[in-house]
Amino acid sequence: MSNSDVCKVKIVGATGYTGGELIRLLLNHPKVKIVSLTAAGFDNPQPAHAFWPWLRQVIDLPIRPEIDGEADGADTIFLSVPHGAAMKLAPLYYEKGLRVIDLSADYRFPDLSERQGWYEGEHTSPELCGVAVYGMPELFREQIKHARLIANPGCYPTAAILSLYPGIKLGFFEPERIRVNSVSGVTGAGRNPKLPFHHPEFDQNFFAYRIGKHQHAPEIVSVLRRVTGKPVTVTFVPHVLPLQRGILSTIYCRKAKDVPLAEIWNAYQETYAREPFIRLYPLGEAPALQAVRETNFLDISLHEDAMTGDVVLVSAEDNLTKGAAGQAVQNLNVIMGFPEKMGLLPL
Ligand SMILES: NC(=O)c1ccc[n+]([C@@H]2O[C@H](COP(=O)([O-])OP(=O)(O)OC[C@H]3O[C@@H](n4cnc5c(N)ncnc54)[C@H](OP(=O)(O)O)[C@@H]3O)[C@@H](O)[C@H]2O)c1
């Protein structure tokens, strides 16, 4: 298969939120043809607009019950399914020589001991954990170019890792006991109804959850340790608020050396100058969710606390785009040698 060909794509989990976002993005991608859409919770094919009303008269393809490992003519499989389900499907497609981009957490830890205690159950395809490449182009672009199994990053880790990476790597921040507070829109919880997100319960509400024990904490630490070589630890507290989409993170770091904030900002600017989807804000400005909604951007700002001298980072992303489906398409572009912005920005 030549890397300049049009990609034939199957989306497994097409009735879920990240699957729906993949459909939205890939329908507008000039080098992609969606050839198959599947999900799990029904017995007969359904029109796509039964799940996504905006697809009426836009797409003829039905959403069918998934037949595990059936490629349906695709060369690339996006797995938009819960963790645990992905590790059963990925090997079936991978062994057929197909590209697999997994949006779940199943292949994000090359060292399985790092997921122990954070995810339930034994891993059923541990042999692929060492093969998968963590799909964060800003940090692993060269490896992604040659990958056939991508572990697409988590939504919260995308923001935390990319916000912290230059500051830790270049020795500006103490790597231990970093505080990460993140606030997410409710699509982060998936499309299956849950009582706390029922409208009368959730409207006008706002709360923290899995405080100090969210499964994205070890992912943040694992990747940052690998790319910086520093003994990173974080206290991570996620929150959810009644917005559809978006994650705003506020991150608190102690300086490891007495340098002006402008010097740290310059280092960030240099690190990310050529990254198409990272926008560093000028000192004194901070991002907000409206600026990133339905985009693949991660917006970052740096601040200094006037009392302690600590550095405060603020970052904004769309959990379904840069935090999931957009980053997955960015990974596809890197693998295929397409322009990295293709299908993700008006060109
Ligand atoms: N939502 C986010 O912001 C976000 C961000 C980053 C990563 N992720 C990850 O992306 C994955 C999907 O998340 P989501 O929010 O899109 O979840 P979701 O809205 O709950 O959708 C999950 C989809 O997977 C399907 N599915 C479940 N088990 C399956 C199986 N065995 N075979 C085929 N299809 C199956 C579901 O179909 P039925 O409903 O018909 O069973 C549904 O279409 C998860 O692993 C999640 O952690 C999500």
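Note: hydrogens, waters and symmetry copies are ignored here, and every other heavy atom, side chains too, is used. Atoms within each ligand, like the ligands themselves, are counted from 1 in listed order. Position 1 is the first residue of the sequence; numbering continues from there.
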From the options [options], select the one whose nearest heavy atom is closest to [atom].
atom: atom 12 (C) of ligand 1; options: L22, I247, D318, T18; answer: T18
atom: atom 5 (C) of ligand 1; options: A324, P157, G246; answer: A324
atom: atom 36 (C) of ligand 1; options: T15, T321, T187; answer: T15
atom: atom 44 (C) of ligand 1; options: V81, N192, L103; answer: V81

For [X], the ligand 1 atoms whose distance to one of its heavy atoms is below 4.0 Å:
X: L320; result: 1 (N), 2 (C), 3 (O)
X: G323; result: 5 (C), 6 (C)
X: G13; result: 23 (C), 24 (O), 25 (C), 43 (O)

With heavy atoms under 4.0 Å as the rule, classify the contact between E66 and ligand 1 as side chain, backbone, both or neither. side chain

Any luck finding a side-chain donor-acceptor pair between R245 and T321 under 3.5 Å? yes

Run through the side-chain heavy atoms of Ile, Leu, Val, Met, Phe, Trp and Tyr, join any pair under 4.5 Å, and report what else lands in Y119's cluster. F109, W118

Supply the members, apart from Y281, of the Ile/Leu/Val/Met/Phe/Trp/Tyr cluster built from side-chain contacts under 4.5 Å; use none for a lone residue. none

How long is the straight-line distance from OH of Y165 back to CG of L224, given to the nearest 0.5 Å? 10.0 Å

Closest protein heavy atom (residue, atom, distance) for atom 23 (C) of ligand 1: S80 O, 3.4 Å

